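For reference, the structure discussed in these notes is given below.
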There are 2 protein chains.
Amino acid sequence: MVKYQASAIDRTFSALADPTRRYVLLRLKDEPGLSVSELARPFSLKLPGMMKHLDVLSDAGLITRTKNGRTVSVSLSAGPMREAMEWLRRYESLWTVSIDRLVALVEEDEEQ
Amino acid sequence: MVKYQASAIDRTFSALADPTRRYVLLRLKDEPGLSVSELARPFSLKLPGMMKHLDVLSDAGLITRTKNGRTVSVSLSAGPMREAMEWLRRYESLWTVSIDRLVALVEEDEEQ
DNA sequence: TTGATACTTCACCATATGGCAAAGTGTTGC
DNA sequence: GCAACACTTTGCCATATGGTGAAGTATCAA
């Protein structure tokens with residue numbers, strides 16, 4: 001297979017491809033700074049399993065870990081998701097209506 | 001590992017995690033209907049290798065294949081990418097500026 | 001200082017992934 | 001028909017992935 005060094009965006013999409021990892025990202029959005037064991041608790045997953053997922057998320061730059069005493073707080077780092085969106089945006093024209101319609105939508109949104 | 005049936009969005013992100021597959025999607029955007037061997041040609045990749053990538057893309061619903069005689073034309077099917085973007089959009093607030101700035105940008109864009 | 005807590009690392013396992021060569025299938029052209 | 005073409009399938013291989021239990025490390029609390 002000869003795995004060349006995977007690029008940043010490879011690592012990002014690959015990290016996002018797992019439901020456990022996506023759920024971790026969702027939780028961190030609402031509750032930043034959760035610890036490793038708090039993140040693992042809702043899953044039928046031992047700590048080493050969660051560690052591996054967190055390693056994948058770190059390698060992709062999607063989270064940062066900071067040690068406070070013996071607990072580690074994990075927080076989100078959304079930059080790579082932005083790049084993933086930029087990549088996807090190239091295809092947006094294949095499903096969206098015109099830019100005029102987008103402006104109208106934004107304006108509707110503002111009126112509320 | 002006990003691989004539960006991967007969900008649609010799992011398959012989408014997973015399909016996007018490979019540079020060969022992303023390049024295939026880019027080519028198909030500009031040149032819809034390319035054949036399997038035309039897609040394989042630019043890579044140092046034999047046909048069976050490209051077949052596997054196309055299978056992954058099909059399973060994710062990102063391409064469709066239609067047989068014309070002995071050649072197969074492949075075309076893009078962007079729906080799943082839209083869903084991937086919707087997922088990512090939840091995090092957009094973590095990196096974007098205000099909606100006012102977005103409106104300004106859209107308007108700037110229109111003036112050109 | 002000692003024991004519990006909160007990770008972290010290690011060794012191991014089963015399955016998935018991504019590649020190949022070779023053989024098989026269906027079309028086309030002579 | 002039959003040869004060439006365009007896939008497609010099969011069998012194989014090496015490595016990656018996602019999980020475990022067990023052992024190791026660092027910190028806190030008594």
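Given the structure is predicted, the values throughout are model-derived calculations rather than measurements.
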5'-most by nearest nucleotide on DNA chain C - B/K46 or A/L54: A/L54
5' precedence on DNA chain D between A/S14 and A/L47 (nearest-nucleotide basis): A/S14
5' precedence on DNA chain D between B/M51 and A/R21 (nearest-nucleotide basis): B/M51
Over how many whole Å does the gap from [X] atom [atom1] to [N] atom [atom2] extend?
| X | N | atom1 | atom2 | answer |
| --- | --- | --- | --- | --- |
| B/N68 | C/dT27 | CG | C1' | 12 Å |
| A/M50 | D/dT20 | CE | P | 10 Å |
| B/D18 | C/dA16 | CG | C1' | 14 Å |
| B/K67 | C/dT25 | NZ | C1' | 8 Å |
| A/L39 | C/dT8 | CG | C1' | 16 Å |
| B/D10 | C/dA16 | CG | P | 14 Å |
| A/R65 | C/dT8 | CZ | P | 6 Å |
| A/F43 | D/dG18 | CZ | C1' | 14 Å |

Counting only side-chain N and O atoms of [X], is one of them less than 4.0 Å from OP1 or OP2 of [N]?
| X | N | result |
| --- | --- | --- |
| B/T71 | D/dA6 | no |
| B/H53 | C/dG19 | yes |
| A/S37 | C/dA6 | no |
| A/T20 | D/dG18 | no |

Polar contact flag, side-chain donor to acceptor under 3.5 angstrom, A/S58-A/R65: yes
Sugar-phosphate, base or nothing in reach of A/G69, heavy atoms under 4.0 Å: sugar-phosphate
Touch class at under 4.0 angstrom, heavy-atom based, for A/S73 against every strand present: nothing
Distance-only donor-acceptor test, A/K52 side-chain atoms vs D/dG19 base atoms, 3.5 Å: yes
Output yes when a side-chain donor or acceptor of [X] lies under 3.5 Å from a complementary backbone atom of [Y], and no otherwise.
| X | Y | value |
| --- | --- | --- |
| B/R21 | B/H53 | no |
| B/R27 | B/E38 | yes |
| B/R22 | B/L16 | yes |
| A/R82 | B/Y91 | no |

Of the listed nucleotides C/dC20, D/dC7, C/dA4, the one nearest the side chain of A/R70: C/dA4
